[in-house]
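Down below is the structure, laid out as structure tokens.
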Amino acid sequence: MLPFFAHTSGPWSRKDGSAILREFPCERFHVEVLADGYRHIIAELRASRFDTWDWYQLARRADELAAVQNQASGLIALENLRERWSQVGVVPYEHQIRTAERVIHEMHGQAILADEVGLGKTIEAGLILKEYMLRGLAKKVLILTPANLVWQWYQELYEKFGIAAGIQRTQWDWNFADVLIASIDTAKREPHSSIVTSIVYDLLIVDEAHKLKNSSTASYRLVNAIQKKYCLMLTATPVQNDLKELYNLIGLIKPGQLGSYQSFKSRFMADKRTPKNPSELKTLLKEVMIRNRREEGQVRFTERIVHPIIVTLGPKEQEIYDRVTEFIKAQGRRSGLSNMLPLITLQREVCSSFLAVALTLEKMMAGLPRPDLERAATLLKDLAKVKQNSKCDALERLVSQFQDKAIIFTEYRASQEYIRYRLEKAGYRTLAFDGSLSRGKKQWVRHLFQQDAQFLVSTESGGEGLNFQFCNQVVNFDLPWNPMRLEQRIGRVHRLGQTRDVHIYNLITKGTVEEHIMYLLHQKINMFESIIGELDAILLHLNLGKSFESEIMKIFLAHEETEKIQKDLDELAQKILQGREELRASSWEGLL
Amino acid sequence: MFDFFRLCGLVPVEIRRGVWQVRADDALMKELDGWRAQGRLLQFTFEEDLAAAYGADLISPGSYRLNSILQLIRRQGVLSHAHIPHHFFHEPSIRRRILTSFEPGERAYVLTSSYLFGQYLQLELAAAAKGLQKKETLHSVVVNLSSGEVLKFPFPTHLLQGGGVESNLITRRKCSLKAAYLNAAAHISQAFAQQEQSWAEQALEKIAQEETKLQSFFQGKPSAQEFEAKRQELHRRLKPVLSISALRGALLYVPLFRYRLVVVGAQGRERTKTLSYDPIANLSELN
């Protein structure tokens, strides 16, 4: 080690000026004389560690230069991050920079970042955090997110901002990490909540803040009780059903901005969904909320190009498909609509691979009555005899034309294994990606895929925030019935940072339920080319989020004829489109 | 930048126009880039296009490499010392000035002369005025450790030479370092108090506005404790505070000329006195 660095790595930090040696009032301000730097000097003196005069002079010049940098108007983080961003491929958008500047210079670190989905709220929050850290205004920082986003935050902060945050795992972590990412559900439980509320944070960031819309929840009470200097709340949907949600959120950021609830109600609410005095309310909201919109043209997403690949089943496959479908319908009629989940699964699997069907059928057999059991056993025996898989043949033909990497999505582990077996046999390098992998392994698989493998066969559509923008081809080996899952699949590659058009290949087996799903998702609601994230909001608005698959299954069970099925699907599509219109026209959207 | 490498004992070589290279060892790279970093040939440039073309580290305001080097430099030189050699002062002139400074009718003769070193503490302080925004300024303050007073005039740093002096030649400090630091801080806060204080006024106005809003929010609610918590939060965020911290310090040793004198009064009475003269403060002390 070079001699002059021998004593540089102590716990002391120049920004760590929290201990106060003396404080006193002086005219219109308060003076704090901080102890830490002084203590460090004394410690050096006691140890008789004198640096050379040349180092001292150079350090003084460095102080001056750092001070000049810190006084620069605008964002010093931009310069600081420029090289990192060029390495990791982050291109900050104008609206993100403007947002960070507004939050810091105009809103004094208290804001709701309510950009529409896909515009990079996390980048904005990270930029603000980095800026505060560089300026020495934030040291103790807490980031509260839903549990499934903790890792994503960690990764984003580390990769894009060079911030090595800690992830909260034990109750000891709250005090020790300066920048800590924690699940809000953990934080609101004892003993954690008592610890969290006893710490004074410089900056609190709450992701998915719409979950705090209800002031009687434990999450709301926790965030309200946390002592904080600056606070950022991230949500794409600050209002969903009631203007009170907006009032509650703003109450967390800046209590009093909208007055008391009674006065807010009388001044700004015609009814719970319709605002009064919108222009006045808008002015007040602008002081605490920033909402960037996609149509404002700041962000250009690349195109999504959809390629339907129609697969015709062989006679044996078709026969088995028909028998499985008949079996499902018979079961559905018998058991009613109450226990639909296994049937939905089976109906979806039969379009994916017979291996997947066989596994589910085997599990189902345990609870079947005698006549059904025999029927299922025969079906299982016949399934085993089918050696052909037309869909996989089609997949092989498709990927043989690919010049670049692709992610192949399937819903089922059995199909995943089979696809990998077929592709490996055909001489391709493949990797499996699924929800059972640990975070570290997911990272590793992502790395291997980027570096080496041609195809990633994935059952994980949502992922743990792993993004694959380096790839621009997605193959849907089977179609999820829930459009949100489909959107999540595509969203792995089609998001900010994707520089190429994204090609989506959908393998559709002719004469099966998949054809109908494709009809609904592609032809009717134009799902594949829809605006990122919009569908989330629509399904939430229509209360269809979790029951969407059941709605479809009901239609299939109710009708035999294609025309009737299509008619009902048309109605469902119409409902979704209407929901979209309602959402776009909702009176509060104009406010935000 | 070049001074930094020179002090690290390294010599950057210009490998192509505008691009320098230096062999940084493990220790230096770990200090710059963290514990995982390893020694390597570090290439740097001051021009953006060259950085892009040759993959050299860019040294420009705000750049990662400049910042990492600045941070490393700022961790050095926390405490240093320097002195002004006694021969920098023309002793006969001092002696003449002393001997002529007595009352009319009095005369003085020098019996013996010697010199010691008095101590000054130079503190580099950062003063952050935090109102709606934070504005940080740097101040260099020199405190006389014999009197505890802050020097009102600039210290002649150009006379300083790095390093200390023999310990037996150093006079004892009469003012503690803590007192010196607090005096320096008081000196800076006085300077701020005499300047315009719009930064503090704006913050106070904002607090008043926000407090009114806060009161309206809590109107009719019995939660006085929550109101107080929110009020404190508001003050924590917006209260105008001048935050003073010490960045680094140096002990400066200044020769004190000491004379043993025989002073002959107007009536011819002789007394033996000791006179110390501080040429920096231009102060003499007769005992």
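Protein chains get the first letters and strands the later ones, always in sequence-line order, with residue 1 at the start of each. Computed from a predicted structure; not experimentally measured.
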Side chain to side chain, [X] and [Y], heavy atoms closer than 4.5 Å:
| X | Y | value |
| --- | --- | --- |
| B/Leu182 | A/Arg22 | yes |
| B/Asp3 | A/Arg61 | yes |
| A/Tyr38 | B/Ser245 | no |
| B/Lys206 | A/His108 | yes |
| B/Trp199 | A/Phe29 | yes |
| B/Arg236 | A/Val200 | yes |

[X] portion near chain B, given a 4.5 angstrom heavy-atom threshold:
| X | answer |
| --- | --- |
| A/Arg82 | side chain |
| A/Glu23 | neither |
| A/Tyr247 | side chain |
| A/Leu258 | neither |
| A/Phe24 | side chain |
| A/Ile226 | backbone |
| A/Leu21 | side chain |

#### Entry: Worked check of salt bridge (charged side-chain N to carboxylate O under 4.0 Å, His left out) between B/Lys213 and A/Glu287
CA-CA 13 Å; B/Lys213 284 182 185 173; A/Glu287 289 174 21; 3.7 Å; yes
When heavy-atom pairs shorter than 4.5 Å are enumerated against chain B, which of [options] gives the highest number?
| options | result |
| --- | --- |
| A/Ile42, A/Ile76, A/Leu78, A/Leu65 | A/Leu65 |
| A/Ala43, A/Ala66, A/Gly259 | A/Gly259 |
| A/Val68, A/Asp202, A/Asp54 | A/Asp54 |
| A/Glu27, A/Arg60, A/Lys254 | A/Arg60 |
| A/Gln257, A/Glu79, A/Gln57 | A/Glu79 |

Which heavy atom of [X] sits nearest to which heavy atom of [Y], and what is that distance?
| X | Y | answer |
| --- | --- | --- |
| A/Pro255 | B/Phe217 | CB-CD2, 3.5 Å |
| B/Tyr181 | A/Leu34 | OH-O, 2.5 Å |
| A/Cys26 | B/Ala193 | SG-CB, 3.8 Å |
| B/Lys230 | A/Leu252 | NZ-O, 4.5 Å |
| A/Ile104 | B/Gln133 | O-NE2, 4.0 Å |
| A/Gly256 | B/Ser216 | O-OG, 4.0 Å |

Any carboxylate oxygen within less than 4.0 angstrom of a Lys/Arg side-chain nitrogen, looking at [X] and [Y]?
| X | Y | value |
| --- | --- | --- |
| A/Arg221 | B/Glu226 | no |
| B/Arg74 | A/Glu64 | no |
| B/Glu136 | A/Arg135 | no |
| A/Asp51 | B/Arg248 | no |
| A/Lys228 | B/Glu233 | yes |

With a 4.5 angstrom heavy-atom cut-off, could you sort out which part of [X] is near chain A: side chain, backbone, both or neither?
| X | result |
| --- | --- |
| B/Leu138 | side chain |
| B/Leu204 | side chain |
| B/Gln232 | neither |
| B/Glu48 | side chain |
| B/Ser140 | side chain |

### Message
So, taking the atom named CG in A/Asn80 and the one named CG in B/Asn67, what distance separates them when rounded to the nearest 0.5 Å?
### Response
4.5 Å
### Query
Roughly how far, to the nearest 0.5 Å, is CZ of A/Phe50 from OG of B/Ser80?
8.0 Å
### Passing option when A/Ile41 is tested against B/Leu123, B/Leu177, B/Leu121, B/Leu251 for side chain to side chain contact (heavy atoms under 4.5 Å, CB included)
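It is B/Leu123, the one option of B/Leu123, B/Leu177, B/Leu121, B/Leu251 that forms the side chain to side chain contact (heavy atoms under 4.5 Å, CB included) with A/Ile41.
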### Aromatic ring pairing A/Trp55/B/Phe4, orientation class (parallel under 30°, perpendicular over 60°, tilted between)
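Aromatic pair A/Trp55/B/Phe4 classed perpendicular.
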### Message
Quiz question: by atom type and distance under 3.5 Å, do the side chains of A/Tyr56 and B/Glu124 form a donor-acceptor pair?
### Response
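There is such a pair (donor and acceptor under 3.5 Å, judged by atom type) between the side chains of A/Tyr56 and B/Glu124.
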